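Written below as structure tokens is the structure these notes are about.
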2 protein chains.
Amino acid sequence: MIEKRQSIGNDASSRMTHAERTDLSDTLMFEAAVSLIVEKGTEKTTLKDVGETAGYSRGLAGYRFGSKGGLFNYVIKRIGDEWSQELRSVTEGKTGYEAIAASIDAHYQFCVDAPITRRAFYLLWFDAVSTTSDVRESMIRIHQRRHQDVVKWVQDGIDDGSVKDTVDAEAVAQLFLATVIGILYQWMLQPEAIDAVRQLHENLKQTMQVLLVAQP
Amino acid sequence: MIEKRQSIGNDASSRMTHAERTDLSDTLMFEAAVSLIVEKGTEKTTLKDVGETAGYSRGLAGYRFGSKGGLFNYVIKRIGDEWSQELRSVTEGKTGYEAIAASIDAHYQFCVDAPITRRAFYLLWFDAVSTTSDVRESMIRIHQRRHQDVVKWVQDGIDDGSVKDTVDAEAVAQLFLATVIGILYQWMLQPEAIDAVRQLHENLKQTMQVLLVAQP
DNA sequence: TTACACTTGTTCCAAGCAAGTAAATTTACT
DNA sequence: AGTAAATTTACTTGCTTGGAACAAGTGTAA
């Protein structure tokens, strides 16, 4: 159960600049939203709950984000950015199979740690399929960026000779991403089956190695 | 736009047995639900709309299925059964890679034909991730059945010698299903990118061949 | 005194339930 | 057997609750 924040006005809350106030309320509502989404699902998360859990009025979330979709879109963008950065730092300087393996390992680690933001992100991710809103557009853009990253890893691998030059970078990237999504689906549907998730990541790594790296 | 059925009472509607009446209303509401889910998404599909689109009162869908989740669960079960059968007939008598390739081809054909029931099914499929209801349980069971089928294909392939005996049937089945789900995600998110979907299916076939079939 | 952050009041609409009506099936009686 | 009353079942209508969305308000920083 998520507790309602008692008041924002503790200590240094008075005398804040406008920007600081919105930053604070944005963050508090973001955190409230993430908790509520993970606890009750997107359907049963209400704007009223988000506002009140964050310690504000029932109306603020709706006012700030315009709609439920607007809130979710904000949450996706915020987590997506954080996530892109982490992924980038993990694969920094790596190419080809090495980069892909690193990204798979990082992915698996996320499933093990199961940070609340990541779970919320994937919930919204799969939700995006059935909506027609901005959320969907944001998702498509995120996936496109991901795709470009993977293509680059593979292409760089081909260029530096660590990847077979017969490999179709686009094709492999697509297949890789599809599988990652499928694994995440499996994880979200049955988080308790972490063994299966671990094995899936291992198998994906092996498969990618077979597909990318020249055989002796 | 889905039109409201004008009256159920045309011609031979009077003098129906109780079972016939519920069968008819179940079917009409099922069809209405599928249309509405595909047209407006699961979120904006209302029980009221389902009842009225089927030609009944606003209340019937809620009365019959108990809740929105109950309706969706019914829809999933109904399409899932039909789908299992189709899949079974396509892979009838086939084993190993042959069965998997047939199932991939059938899958791609579904995406091309895009039957409305299939689209609704996958929408509910991805929705299941974020709910805690019966829908989720139904989904887990469907995936488990699917998994068992694939394991059997691979195992039979090992037994008859068409698949390398070093293959881990469980592992390959999991990876295969994950990838199929990922491909479906991609298709649902961007149905217009049918080329990408075709290529994904092709690549999956090739990959499965590499994984399963002994190299010369 | 203007602009912005936030709250409160209100409308609309869906979900879910309860109490109603109408149609079919069983039972009772001839 | 046939038919009328009683009962069960299919469906509808009325009502309550609660969220989304928007408008008009209050208070705080520029």
Side-chain angles (χ1 to χ4, degrees), chain A residues 4-5 7-9 12-30 32-33 36-37 40-74 127 131-135, chain B residues 4-30 32-33 36-37 40-74 131-135:
Chain A
K4 200 188 280 194
R5 200 168 281 265
S7 82
I8 315 105
S13 83
S14 314
R15 288 292 113 187
M16 279 205 285
T17 176
H18 271 163
E20 282 169 348
R21 273 177 68 158
T22 49
D23 277 6
L24 178 61
S25 57
D26 272 2
T27 298
L28 290 173
M29 285 195 290
F30 167 78
L36 288 164
I37 288 168
K40 321 212 271 183
T42 52
E43 182 92 7
K44 287 180 180 166
T45 296
T46 69
L47 289 170
K48 177 170 170 272
D49 251 20
V50 170
E52 290 179 344
T53 304
Y56 296 89
S57 67
R58 63 181 171 76
L60 185 59
Y63 169 76
R64 178 69 47 79
F65 303 109
S67 68
K68 207 171 157 175
L71 167 65
F72 287 169
N73 206 30
Y74 175 79
D127 248 36
T131 58
T132 330
S133 64
D134 301 339
V135 180
Chain B
K4 201 189 281 192
R5 198 168 282 265
Q6 265 309 341
S7 82
I8 316 105
N10 37 19
D11 312 326
S13 84
S14 315
R15 290 290 112 187
M16 278 205 285
T17 179
H18 271 160
E20 283 169 348
R21 273 177 68 155
T22 49
D23 276 8
L24 178 61
S25 57
D26 272 2
T27 299
L28 290 174
M29 285 195 291
F30 167 78
L36 288 164
I37 288 168
K40 321 211 271 186
T42 52
E43 181 93 7
K44 286 182 183 165
T45 295
T46 69
L47 290 169
K48 178 170 171 271
D49 252 19
V50 170
E52 290 180 346
T53 304
Y56 296 90
S57 67
R58 64 181 170 73
L60 186 60
Y63 170 76
R64 179 68 48 80
F65 302 108
S67 69
K68 208 170 156 176
L71 166 66
F72 287 170
N73 206 30
Y74 175 80
T131 58
T132 331
S133 65
D134 303 337
V135 181

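Just so it is clear, the structure is predicted and the values come from calculations on it, not from any experiment.
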With side chains defined as the heavy atoms from C-beta onward, is the minimum distance between Phe65(B) and Val50(B) less than 4.5 Å? no
Let's go through Phe72(B) and Thr131(B) carefully: what are the C-alpha distance in whole Å and the side-chain angles of both, what is the deciding distance for side chain to side chain contact (heavy atoms under 4.5 Å, CB included) to 0.1 Å, and is it a yes or a no? CA-CA 11 Å; Phe72(B) 287 170; Thr131(B) 58; over 6 Å; no
Distance, rounded to the nearest Å, where Glu52(B) contributes CD and dC13(C) contributes P: 13 Å
Atom-to-atom span, CG of Asp26(B) to C1' of dT9(D) - whole angstrom: 14 Å
To the nearest Å, give me how far apart CG (Leu60(A)) and P (dT7(C)) are. 6 Å
Expressed as a whole number of angstroms, how long is the span from Phe72(B):CZ to dA15(C):C1'? 12 Å
Residues two or more places apart in sequence or in another chain: which of them pass salt bridge (Lys or Arg N to Asp or Glu O under 4.0 Å) with Asp26(A)? Arg64(A)
Closest to the Thr22(A) side chain, choosing from dA10(D), dT12(D), dC6(C): dC6(C)
Residue-phosphate contact under 4.0 Å: Thr17(B) side-chain N/O, dT25(C) OP1/OP2: yes
Mind calculating the distance between CE (Met29(B)) and C1' (dT12(D)) to the nearest angstrom? 13 Å
With distance as the sole test, does Thr46(B) use its side chain to make a donor-acceptor pair with the main-chain N or O of Asp49(B) at under 3.5 Å? yes
How many whole angstroms separate atom CE of Met16(A) from atom C1' of dA30(D)? 15 Å
Tell me, for nucleotides 19-26 of chain D in 5' to 3' order, what letter each nucleotide earns: B for a base near a protein heavy atom under 4.0 Å, S for only sugar-phosphate near one, - for neither? SSB-----
Of the listed nucleotides dT7(C), dA24(C), dA5(C), the one nearest the side chain of Arg21(B): dA24(C)
Could you tell me how far apart Leu24(A) (CG) and dA29(D) (C1') are, to the nearest whole angstrom? 15 Å
Not counting sequence neighbours, which residues clear side chain to side chain contact (heavy atoms under 4.5 Å, CB included) with Ser57(B)? List them please. Leu60(B)
To the nearest 0.5 Å, how far apart are CD in Glu43(B) and OG1 in Thr45(B)? 9.5 Å
Taking 4.0 Å as the cut-off, does a side-chain nitrogen or oxygen of Ser25(A) come that near to OP1 or OP2 on dC6(C)? yes
Verify, without hydrogens or angle tests, whether Thr53(A) (side chain) and Ala32(A) (backbone) share a donor-acceptor contact under 3.5 angstrom. no
So which nucleotide from dT28(D), dT9(D), dT8(C) ends up closest to the side chain of His18(A)? dT28(D)
CZ of Phe65(B) versus P of dA15(C): gap in Å, rounded? 14 Å
